[in-house]
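As structure tokens, the structure follows; a few thoughts come after it.
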4 protein chains.
Amino acid sequence: MRKRERELLLAAKTLFSRRGFYDTTVSDIVESLGIARGTFYQYFKNKDDIYRRVLEQVVEELSSRLKLVSPDDPFAQLRENLKGVLELMVEDRDLARLVFYHPYKLNPRFDAVLEEFFLKVYALVEHAVKTGMEMGVVRRCNPEIVARAIVGAFMEVGKLLIEQESPDIEGAVDELLAIGRAGLLEER
Amino acid sequence: MRKRERELLLAAKTLFSRRGFYDTTVSDIVESLGIARGTFYQYFKNKDDIYRRVLEQVVEELSSRLKLVSPDDPFAQLRENLKGVLELMVEDRDLARLVFYHPYKLNPRFDAVLEEFFLKVYALVEHAVKTGMEMGVVRRCNPEIVARAIVGAFMEVGKLLIEQESPDIEGAVDELLAIGRAGLLEER
Amino acid sequence: MRKRERELLLAAKTLFSRRGFYDTTVSDIVESLGIARGTFYQYFKNKDDIYRRVLEQVVEELSSRLKLVSPDDPFAQLRENLKGVLELMVEDRDLARLVFYHPYKLNPRFDAVLEEFFLKVYALVEHAVKTGMEMGVVRRCNPEIVARAIVGAFMEVGKLLIEQESPDIEGAVDELLAIGRAGLLEER
Amino acid sequence: MRKRERELLLAAKTLFSRRGFYDTTVSDIVESLGIARGTFYQYFKNKDDIYRRVLEQVVEELSSRLKLVSPDDPFAQLRENLKGVLELMVEDRDLARLVFYHPYKLNPRFDAVLEEFFLKVYALVEHAVKTGMEMGVVRRCNPEIVARAIVGAFMEVGKLLIEQESPDIEGAVDELLAIGRAGLLEER
DNA sequence: GATGAATGAGGGTTCATTCAT
DNA sequence: AATGAATGAACCCTCATTCAT
């Protein structure tokens, strides 16, 4: 990937993340780099193309932080996973905003990339829950619902953190894990 | 509100919910009603206006289903709240899709409406958690994080349910409450 | 067909006929009428569309001047046909130029209309020649070749006439018929 | 003329002949040779330039096949001329297509080359007809009209032949000459 | 000679909005 | 209230051409 291509992808990520797809024009992107409009089309087929490429890159970065939880010390590893992803998001808030606020499902044109990713995440978590049940670690439950609940809780906390100046990632992760461990009620 | 106005709002809700704001044109809306484009502007200042009105209506409907949890039987009432909102969403999936997939934060132009609503919901849940802590029912925790986690879990489960043919709302609500009650681990 | 549509078709015919498809812009067309560019798209799907419509109109006008030669007095009727078409072309030289100089076969996108027309004309003439042979009026020959030769001779003479100030259509027709009647050699 | 220049001219002839001037891009031409876009401009001033050069080359090849009809055996020589040109066209159909379908007169920018050629051909034929009349071989007629008719008949037959798999050039030439000799009517 | 990244003028098209009827 | 023709700003994209290497 050439330098210009990287620059364009980065500029596009920032703009798309802040204004969305439709309120970002190709001119906005090239102007932010001080280059000519035509140059854009040397590297990307069209505006849809670069948006898809940005989302792909986002998914790739996220995936690289996700490691399969091995059975040795599942909780420690889960903790690392959550922490890793949240750290990435807090470091790169543009990326996080795209994941959280991309108008997923509203425009079939771009859904493929993120949809695939989310489905993978759902499946991953669901599989972990099922395995836990089989091992007798996780109580009996509806794994599909529970998986969604876990991902949802995680994502919403992520949204909170990226809005904060100096977010306490460790604290947030611990809080999420604590809910999973023992729920919210006072022990009797 | 006149009949035409209601018709336009309804048509717009359906279309915005399925194609998003930018892929829905004013022509699409009026054509779906078989009326002239000019008529649209008799009832709405512009396209932004009707979108905001649609979101406002959505928020209103949702709010009408949300009741403050009273201290009598908090769990029963929480249950009713969750059930009520999920039922509304499953009945009116266009509404649900707007809440879930509206490109919130990506386009500052329309954020006000939903942002206000979500902040209200976060505050509501946070307040409930705090009250629970004070009453000794809820264990010590970070209420802000926990509130976000609850809302996130709820929303993601909502997304799942509206994709299903005949969703089991009761089951989903119970599952969510069970997590809150006891977490996910097998009791030792 | 509404007034505007007719105006646009006429303006387009003139411009296409003088500059060709690619050197005529949509702006040229609307500016020649003093209307806005957007108006164009109220009446035509796109630039291709209006060009096709212009060609269709041309073909229709030409066809309306072509009458089947009846066996009564074939020569008189043939004469009338030739004269009629040449008169139309001389009256409407824009039309004639489109028929003669349209880049037929070079751009498959617009060929359909004129190709169909030319094939019809070739077939018509070929059929006439065959009938003449069967009736013993026309000498034995290759009707396909002869039909092409006739059409070609006619068209090239047409090109000549539309370049002249006050063309002698009758004379030209007579000349063409004379060749068909007796060839070019001095009688021995 | 350098090798590259010849290659470019040949590639351009093929492409222009099949897609026309505007649907052939400079990129198409250089890509068909696997060379860089910049190289093109080392040999040709611009796109117009190469098109003109292609047409010039076409005209040159055609002219080389045209010999003045000498008075010895005018018919034999006319026959050879017709045959020679048709053979060239059937051998090099790209060349023929450019001559036949070039949007002559629709775009004044490139008219000069072909116009000059056609005028020369018309003049040549017209002169031959006049000479024939003076010699008492050709009957009295309007030489201008007749010249056009001859060229037109010839060209249209040429169009037919280049569309056929294995065209019968001799037969076509004989048919054309027969018309000139005796017209189309059955001898009484 | 050859390259190919960069340019930017120019054209086609969409669509929200206006306004006279 | 309703209409729908007209508008024109805005945007995407193509492609011939240049130029530093």
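Chain identifiers are assigned alphabetically (A, B, ...) following the order of the sequence lines, protein sequences preceding nucleic acid strands; residue numbering begins at 1 within each chain. FYI, side chains are in, hydrogens and waters are out, and symmetry mates aren't considered; it's all heavy atoms of this structure.
C:Thr25 comes within contact range of the sugar-phosphate backbone alone, with a heavy-atom separation under 4.0 Å but no base atom that close. Note on C:Phe44: nothing from the nucleic acid sits closer than 4.0 angstrom, heavy atoms only.
The aromatic ring centroids of D:Tyr101 and C:His102 lie 6.0 Å or more from each other.
Mapping C:Tyr22 and B:Lys47 onto DNA chain E by nearest heavy atom places C:Tyr22 at the nucleotide closer to the 5' end. The 5' end of DNA chain F is approached more closely, in terms of each residue's nearest nucleotide, by A:Asp48 than by the other of A:Asp48 and D:Gly38. Remark on DNA chain E: of its neighbouring residues B:Phe40 and A:Ala36, the 5'-side contact belongs to A:Ala36, judged by nearest-heavy-atom nucleotide.
Atom C1' of nucleotide E:dG4 and atom NZ of A:Lys3 are separated by 15 Å, given to the nearest angstrom. Nucleotide E:dA6 holds its C1' atom 15 Å from the CD atom of A:Glu5, rounded to whole Å. The separation between A:Asn46 atom CG and E:dT13 atom C1' is 15 Å, rounded to whole Å. Atom OH of D:Tyr51 and atom P of F:dA16 are 14 Å apart (whole Å). Between C:Leu8 atom CG and E:dG12 atom P there is a gap of 14 Å when expressed in whole angstrom units. Put simply, CG on B:Leu33 is 15 Å from C1' on F:dA1, counting in whole angstrom units.
Phosphate proximity of E:dG1 to D:Arg4: absent, as no side-chain N or O sits under 4.0 Å from OP1 or OP2. Under 4.0 angstrom from either OP1 or OP2 of E:dA6 there lies at least one side-chain N or O belonging to A:Tyr43. Dashed line: the shortest gap from a side-chain N or O of B:Thr39 to OP1 or OP2 of F:dT3 is under 4.0 Å. Taking 4.0 angstrom as the limit, D:Tyr41 places none of its side-chain polar atoms (N or O) nearer than this to OP1 or OP2 of E:dT3.
For D:Arg37 and F:dT17, a side-chain-to-base donor-acceptor distance below 3.5 Å is present, hydrogens and geometry of angles not being considered. Judged by distance alone with a 3.5 Å cut-off, no donor-acceptor contact links the side chain of C:Arg2 to the base of F:dG4. In terms of polar N and O atoms assigned as donor or acceptor, the side chain of A:Gln42 comes within less than 3.5 Å of the base of E:dA6 in a complementary pairing.
A donor atom on one side chain and an acceptor atom on the other are not found under 3.5 Å apart for B:Asn46 and B:Tyr41.
A distance-only check finds no donor-acceptor pair linking the side chain of C:Thr39 to the backbone of C:Ile35 [under 3.5 Å]. For the pair A:Lys13 (side chain) and A:Leu55 (backbone), a donor-acceptor distance under 3.5 Å is absent. In this structure, the side chain of B:Arg19 does not engage the main chain of B:Thr24 through any donor-acceptor pair within 3.5 Å.
Applying the Watson-Crick and G-U wobble criteria (two distances, each under 3.5 Å), E:dT21 pairs with F:dA2. The base-pairing partner of E:dC15, taking Watson-Crick or G-U wobble contacts with both distances under 3.5 Å, is F:dG8.
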